[in-house]
Amino acid sequence: MEEKKVALITGGTRGIGKAIATRFAKQGYNLIINYVSDKTDLKSLEEEFKQYNSEVLFIKTDVSKFEDCEEMVKSSIEKFGKIDVLVNNAGITNDNLILRMSVEDFEKVIDINLKGTFNVTKNVVQYMMKKRQGKIINLASVVGISGNAGQCNYAASKAGIIGFTKSIAKELASRNILANCVAPGFIDTDMTSILNDNVKENIYSQIPLKRMGSSEEIANTVYFLASEENTYITGQVINVDGGMLM
Ligand code: NAP
């Protein structure tokens, strides 16, 4: 029997991360699912993934802490022996206009979104390099390309992720490791549920497809980039945004 592939997904217990984890489970992967907040429903989540015959290792780790990420990756390798796919999905927003944004608010978003992506990737690539194969998919955002009033911290973190991804794509290509970004537009998750109806209507008016995207629509693109169907796309940003940014 062919050995199962292994994917590590950060922030994988809810929203886009959970949809990505579910997609990989359905495709026969074993999973390492990272999270940070206390969870009461891990048992039922585990049961959910078992129906796809996926073995899942849940690891509570704050991706903004380098040493903790080192431990997370070590435990993952101890359990599964390899990581074929890394999806850096964990991310937060903390919006404000620049004049009202505190240094702490700016740093927190950069530390989790951008430094977190570095922290996990640096620890994973050494194992991918030894195997001379791997796929890395980083969750950016269309606002990392276009900018957005009230999100200078978040947009900077996502623009940083794009530069980071292109750089490692160049560094790691010779080892057959492909790195790409998926840039979602406006997706229906906890992150966007805080917006009021007026703001949402205003955003819909800027989307040619006139609706929010679903987490599953993001997961489909992430899975394609990670799959054996993708052998020649690296260093790219794929917008999944209903045409919001063209
Ligand atoms: P979400 O529903 O708010 O979920 C955020 C996820 O990140 C949660 O799983 C959370 O874990 C995890 N997380 C937060 N801080 C973390 C930390 N320090 N260490 C580890 N994990 C942490 O967000 P989402 O909408 O699914 O977004 C997922 C990704 O897509 C993010 O990178 C986001 O920036 C990007 N994105 C989303 C949209 C959108 O419209 N929703 C648009 C563009 C880009 P816990 O569950 O443990 O708290």
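All ligand and atom numbering here is 1-based and tracks the order in the structure.
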Name the option, out of Ala90, Gly17, Ala19, Ser141, that contains the heavy atom nearest to atom 13 (N) of ligand 1. Ala90
So for Lys158 against ligand 1, with non-hydrogen atoms under 4.0 Å, the contacting part is side chain
Salt-bridged, Glu55 to Lys79, with N to O below 4.0 Å? yes
Record the part of Ala183 in heavy-atom contact with ligand 1 below 4.0 Å; permitted values are side chain, backbone, both and neither. neither
Can you pull out the closest protein heavy atom to atom 36 (N) of ligand 1? Residue, atom name and distance to 0.1 Å, please. Tyr154 OH, 3.5 Å
Test side-chain contact (heavy atoms from CB on, under 4.5 Å) applied to Asp95 - qualifying residues, sequence neighbours left out: Thr93, Gln151
Nearest protein heavy-atom contact for atom 26 (O) of ligand 1: which residue, which atom, what distance? Ile16 N, 2.8 Å
Looking only at protein heavy atoms, which one is nearest to atom 32 (O) of ligand 1, and how far off is it? Asn89 O, 2.7 Å
Could you go through the side chain to side chain donor-acceptor pair (under 3.5 Å) check for Ser157 and Asn113 one step at a time? CA-CA 6 Å; Ser157 74; Asn113 297 6; 3.1 Å; yes
By ring pair (Phe, Tyr, Trp, His ring centres under 6.0 Å), Tyr223 pairs with (sequence neighbours left out) Phe24
So for Thr61 against ligand 1, with non-hydrogen atoms under 4.0 Å, the contacting part is backbone
Just need the protein heavy atom nearest to atom 16 (C) of ligand 1, so name the residue and atom and give the distance. Val36 CG1, 3.5 Å
How far is atom 19 (N) of ligand 1 from its nearest protein heavy atom, and which residue and atom is that? Val63 N, 3.0 Å
Gly185 touching ligand 1 at heavy-atom level, < 4.0 angstrom: yes
